> 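A single structure is presented below for examination.
Fair warning: this is a prediction, and the values are worked out from it, not measured in the lab. Order of the sequence lines sets the chain letters (A, B, ...), proteins ahead of strands, with each chain counted from 1.
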Amino acid sequence: MMSELRVRFAPSPTGYLHIGGARTALFNYLLARKEGGVFVLRIEDTDVERSTQESVDAILQAMDWLGLSYDEGPFYQSERYGLYKSKVAELLEKGHAYRCYCTPEELDAKRKAAIQSGGKPRYDGTCRNRADQPDTPFVIRFKTPCDGTTAFVDRIKGAISVENTELDDLIIQRTDGNPTYNFVVVVDDAEMGITLVIRGDDHVNNTVRQIPMYQALGYEVPEFAHVPMILGADKKRLSKRHGATSVMAYREMGYLPEAMVNYLVRLGWSCGDEEIFSMNDLIEKFSLENVGRSAGVFNPDKLLWLNEHYIKTGDPERLAVLVTEILAGQGVDTALGPDMPAVVKTLQDRAKTLVEMAEGAHFYFEAPDTYDEQAAAKFLASDKRDVIELTIKHLTGLADYSHDGVETAFKAVMEESGLKFGKIGPTVRVALVGGTVSPSIYDVVAVLGKDAVLTRLQKALASLG
RNA sequence: GCGCUCAUCGUCUAGCCUGGUCUAGGACAUCGGCCUUUCACGCCGACGACAGGGGUUCGAAUCCCCUUGGGCGUACCA
């Protein structure tokens, strides 16, 4: 499917990729893929002070983890200063921009005075028409039209318009000669042929200030789609104090990328009553028409539920690789233990995160060297000797260590002892895992395997004294 | 302050454009029950919202206005 659509994600590398940025990137990606358009990645690093290579790497890594591939880029604005310089010159030449010699201190004073007198904190235009060119530092300002209105039809929010008198003359080039965001974003979106700008809600105000620049530069104005903000539980803009906001922090906490993608897309977008979406579903079903207009609250509980869902339905082989990595990071050697995919299968229904799964898998690889005190007092008391011995007997004679085979052996233990499973299982569980919580005993025995099971049972027997 | 913008269960949302089918549907969370060898899973059920006020209309969650509340912006940050 061919399309003229060209969208872009333009993060500024001043930190990791956060929840909000990831969703914006996702929306861009989905629309591009759905319509067969082009997805461009551009790094907005015009703020030399705060931009870092580490941030760029972190963002790239996070996008990769989420599965958001781009078709062009990454382009770095810091490498395009020549272009911006020529565009500033063009604006100056056409009379759409001018040098401003006001110092930051003066501007600050003017702002305060304006607010003081009940006015608007806008640039007063002191240098707009000055003829002289003093030999002092200056910035370049864009000459914003002073009458009329600037309007556009947002693909998500609908018609938006602002009186030009509300706008002021934006600085497009700093004293140090570097261009500013509101200017380079216009030049780049235009020069890169972006047809639709999908970005955060916090940019709607910038949009009306940017449109006159497109026009002054003779560029075609692209379409815009502003996605609502993501807020914290207190309805304030999402920030660190609301908990983890870094996408990669969730990977560390044992989340699956598909859970994150699924959660993010549903925060602001919907498709009837559906909740579960694979990336392919989304590429097929996503549309700007179904994106809501109001801000949404980030809900960690729902993300966790989604993660639980994907762990439950995930491929054991794949999860095994992930869990092995986590265990390795904790110094647990899984090489000699039971088959990891088999281990995973016993844990899929009882783990909400991969980290939880790793915790639950721990006992498979390291026999308990102590038993939970309360559990031992109850299930490994001396009166359990007969039960354990009988279990060892039947398990020793058992050849088929499958779930069903193990069940058969326990049936035999129950028959011979006349005890119900409730009098046998808990004791075996404590002997095998050290505590009272674990997957089904049959599964544990089957996965642990004959040697390990017998060894642990003998050890428990010895501990009875 | 000013400008832009938003407003359905605690949260994410369906419905709103093309008023009646809405005693407002789904999901997460919460609470209760069932299942059960532990912990979970699963299943069943409960609780729970059209911000308020005016209109328009036979009829409004749906259309209009006002109020209130929220978000964003108001930088030589992006």
> Figure out the CG/C1' separation between Asp372(A) and rC39(B), and round it to whole Å.
13 Å
> According to the Watson-Crick and G-U wobble definitions, with both distances under 3.5 Å, which nucleotide is paired to rC4(B)?
rG71(B)
> Is it the case that the side chains of Arg50(A) and Ser12(A) hold a donor-acceptor pair, with the cut-off being a distance below 3.5 Å and no angle test?
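Checked: Ser12(A)/Arg50(A) side chains show no N/O donor-acceptor pair below 3.5 Å.
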> Looking just at side-chain N and O atoms, do Ser402(A) and Asp404(A) make a donor-acceptor pair shorter than 3.5 Å?
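No, because no side-chain N or O of Ser402(A) sits under 3.5 Å from a partner of the opposite role on Asp404(A).
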> Whom does rC63(B) pair with, Watson-Crick or G-U wobble, provided both distances fall under 3.5 Å?
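Its partner is rG55(B) (Watson-Crick or G-U wobble, both distances under 3.5 Å).
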> Could you check whether Phe410(A) gets within reach of a base, just the sugar-phosphate, or nothing at all, counting any heavy atom under 4.0 Å?
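Nothing: the residue Phe410(A), judged by heavy atoms under 4.0 Å, touches no strand.
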> Please check if any side-chain donor atom of Tyr310(A) sits under 3.5 Å from a side-chain acceptor atom of Asn262(A), or the reverse.
yes
> Side chains of Asn307(A) and Thr353(A) only: does a donor on one sit below 3.5 Å from an acceptor on the other?
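No pair is found: no donor N or O on one side chain lies under 3.5 Å from an acceptor on the other.
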> Could you measure between the two C1' atoms, the one in rA49(B) and the one in rU23(B), and give it in whole Å?
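Those two atoms are separated by 14 Å.
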> Which part of the nucleic acid does Glu275(A) contact within heavy-atom distance under 4.0 Å: base, sugar-phosphate only, or nothing?
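Touches a base.
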> Could you work out which one of rA78(B), rG10(B), rU37(B) sits closest to the side chain of Arg429(A)?
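Among rA78(B), rG10(B), rU37(B), the one nearest the side chain of Arg429(A) is rU37(B).
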> Using the C1' atoms only, state how far rU56(B) lies from rC65(B), rounded to an integer number of Å.
11 Å
> On RNA chain B, does the nearest nucleotide to Pro426(A) precede the nearest nucleotide to Thr46(A) from the 5' side, or the other way round? Give the residue.
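On the 5' side of the pair lies Pro426(A).
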> Calculate the interatomic distance between Phe298(A) atom CZ and rG10(B) atom P; express it in whole Å.
20 Å
> May I ask you to say what Pro11(A) touches in the nucleic acid, namely base, sugar-phosphate or nothing, with a heavy-atom cut-off under 4.0 Å?
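Answer is nothing: Pro11(A) stays at 4.0 Å or more from every strand.
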> Quick one: do the Asp188(A) and Tyr84(A) side chains pair a donor with an acceptor below 3.5 Å?
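Yes - a donor-acceptor pair under 3.5 Å links their side chains.
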> With the side chain of Lys157(A) defined as its heavy atoms from C-beta on, choose the nearest nucleotide among rC76(B), rU5(B), rC4(B).
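For Lys157(A), the side-chain atoms sit closest to rU5(B).
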> With a 3.5 Å cut-off and just heavy-atom distances, do the side chain of Asp202(A) and the base of rG71(B) make a donor-acceptor pair?
no
> Any base atoms under 4.0 Å from His226(A), or only sugar-phosphate, or nothing? Heavy atoms, all strands.
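Nothing: the residue His226(A), judged by heavy atoms under 4.0 Å, touches no strand.
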> Under 4.0 Å, heavy atoms only, any strand: does Lys236(A) hit a base, just the sugar-phosphate, or nothing?
sugar-phosphate
> For Gly268(A), report the nucleic acid contact type (base, sugar-phosphate, nothing); a contact means any heavy atom under 4.0 Å.
sugar-phosphate
> Students often get this wrong, so: under 4.0 angstrom with heavy atoms, is Arg50(A) touching a base, only sugar-phosphate, or nothing?
base
> rC50(B) pairs with which nucleotide, Watson-Crick or G-U wobble, both distances below 3.5 Å?
none
> On the side chain of Asn299(A), is there an atom forming a donor-acceptor pair with the base of rA29(B) - under 3.5 Å, no angle test?
no
> Take Tyr16(A) and Thr245(A), measure what side-chain hydrogen bond (donor to acceptor under 3.5 Å, both in side chains) needs, and give me the verdict at the end.
CA-CA 9 Å; Tyr16(A) 49 70; Thr245(A) 55; 3.0 Å; yes
> Tell me the interatomic distance from Leu231(A), atom CG, to rG69(B), atom P, rounded to whole angstroms.
18 Å
> Quick check for you: among rC4(B), rA78(B), rU38(B), whose closest atom lies nearest to any side-chain atom of Thr180(A)?
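The answer is rA78(B), which lies nearest to the side chain.
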> Report the residue from Arg128(A), Arg209(A), Arg141(A), Arg122(A) that forms a salt bridge (Lys or Arg N to Asp or Glu O under 4.0 Å) with Asp169(A).
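When salt bridge (Lys or Arg N to Asp or Glu O under 4.0 Å) is applied between Asp169(A) and each of Arg128(A), Arg209(A), Arg141(A), Arg122(A), only Arg128(A) qualifies.
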> Scan Ser438(A) against the nucleic acid and name what it touches under 4.0 Å (heavy atoms): base, sugar-phosphate only, or nothing.
base
> Which whole number of Å gives the distance between the C1' atom of rA14(B) and that of rG25(B)?
6 Å
> What is the pairing partner of rC17(B), taking Watson-Crick or G-U wobble pairs with both distances under 3.5 Å in any strand?
none
> Rounded to the nearest 0.5 Å, what separates atom CZ in Phe9(A) from atom CD in Glu44(A)?
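The CZ atom of Phe9(A) sits 9.5 Å away from the CD atom of Glu44(A).
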> Which nucleotide, rU37(B), rU13(B), rA78(B), lies nearest any side-chain atom of Ser12(A)?
rA78(B)
> Who is the Watson-Crick or G-U wobble partner of rA40(B), with both distances under 3.5 Å?
none
> Using the P atom on both, measure rA27(B) against rC43(B) and round to a whole Å.
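Here rA27(B) and rC43(B) have their P atoms 10 Å from each other.
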> Please tell me which of the listed nucleotides, rC41(B), rC28(B), rU37(B), lies nearest to the side chain of Ile441(A)?
rU37(B)
> Roughly how far apart, to the nearest Å, are rC22(B) and rC9(B) at atom C1'?
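Those two atoms are separated by 14 Å.
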> If you check the Arg174(A) side chain, which of rU38(B), rA78(B), rG71(B) turns out closest?
rA78(B)
> Using the P atom in both, what is the distance from rU30(B) to rU11(B), to the nearest Å?
16 Å
> Report the nucleotide, chosen from rG26(B), rA29(B), rA40(B), that has the shortest atom-to-atom distance to any side-chain atom of Arg350(A).
rA40(B)
> Could you tell me the separation between the CZ atom of Phe421(A) and the C1' atom of rU37(B), rounded to a whole number of Å?
4 Å
> Of the listed nucleotides (rC4(B), rU38(B), rC6(B)), which one gets closest to any side-chain atom of Ile160(A)?
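For the Ile160(A) side chain, the nearest candidate turns out to be rC4(B).
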> At under 4.0 Å between heavy atoms, what does Asn182(A) touch on the DNA or RNA strands: base, sugar-phosphate, or nothing?
base
> So what does Ala151(A) hit on the nucleic acid, given a heavy-atom distance under 4.0 Å: a base, only sugar-phosphate, or nothing?
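Nothing, no heavy atom under 4.0 Å.
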> How long is the line joining NZ of Lys235(A) and C1' of rA7(B), in whole Å?
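So the two atoms are 9 Å apart, to the nearest Å.
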> Checking all strands, does Cys271(A) fall into the base, sugar-phosphate, or nothing category for heavy-atom contacts under 4.0 angstrom?
nothing
> Rounded to whole angstroms, how far apart are CG on Leu304(A) and C1' on rA40(B)?
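My rounded result for the distance is 13 Å.
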> Enter syn or anti for the glycosidic conformation of rC41(B), syn applying to angles within 90° of 0.
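The base of rC41(B) is oriented syn (glycosidic angle within 90° of 0).
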> For Val297(A) and for Pro137(A), locate the closest nucleotide of RNA chain B by heavy-atom distance; then report the residue assigned to the nucleotide nearer the 5' terminus.
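Looking at the nearest nucleotide for each, Val297(A) comes out on the 5' side.
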> Please pick, from rU37(B), rA27(B), rC72(B), the nucleotide with the shortest atom-to-atom distance to any side-chain atom of Met229(A).
rC72(B)
> For rU62(B) versus rC2(B), give the span between their C1' atoms, rounded off to a whole number of Å.
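Taking atom C1' in both rU62(B) and rC2(B), they lie 32 Å apart.
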> How about Asp201(A) and His226(A): does a side-chain donor come under 3.5 Å of a side-chain acceptor?
no
> Distance check needed: rC28(B) P versus Asn262(A) CG, whole Å only.
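These atoms are roughly 12 Å apart.
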> At 4.0 Å (heavy atoms only), tell me whether Asn178(A) reaches a base, stays on the sugar-phosphate, or touches nothing.
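Contact class for Asn178(A): none.
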> Are side-chain heavy atoms of Val437(A) and Arg350(A) found at a separation under 4.5 Å?
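No, too far: nothing below the 4.5 Å cut-off.
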> Roughly how many Å apart are rC66(B) and rU5(B), using the P atom of each and rounding to a whole number?
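One P to the other, the span is 13 Å.
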> State which of rC28(B), rC4(B), rU37(B) makes the closest approach to the side chain of Asp301(A).
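From the listed options, rC28(B) comes nearest.
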> For the pair made of CD1 in Ile311(A) and P in rA40(B), what is the distance, rounded to whole Å?
16 Å
> Paired with rC35(B): which nucleotide, if any, by Watson-Crick or G-U wobble criteria at under 3.5 Å for both distances?
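WC or wobble partner does not exist here.
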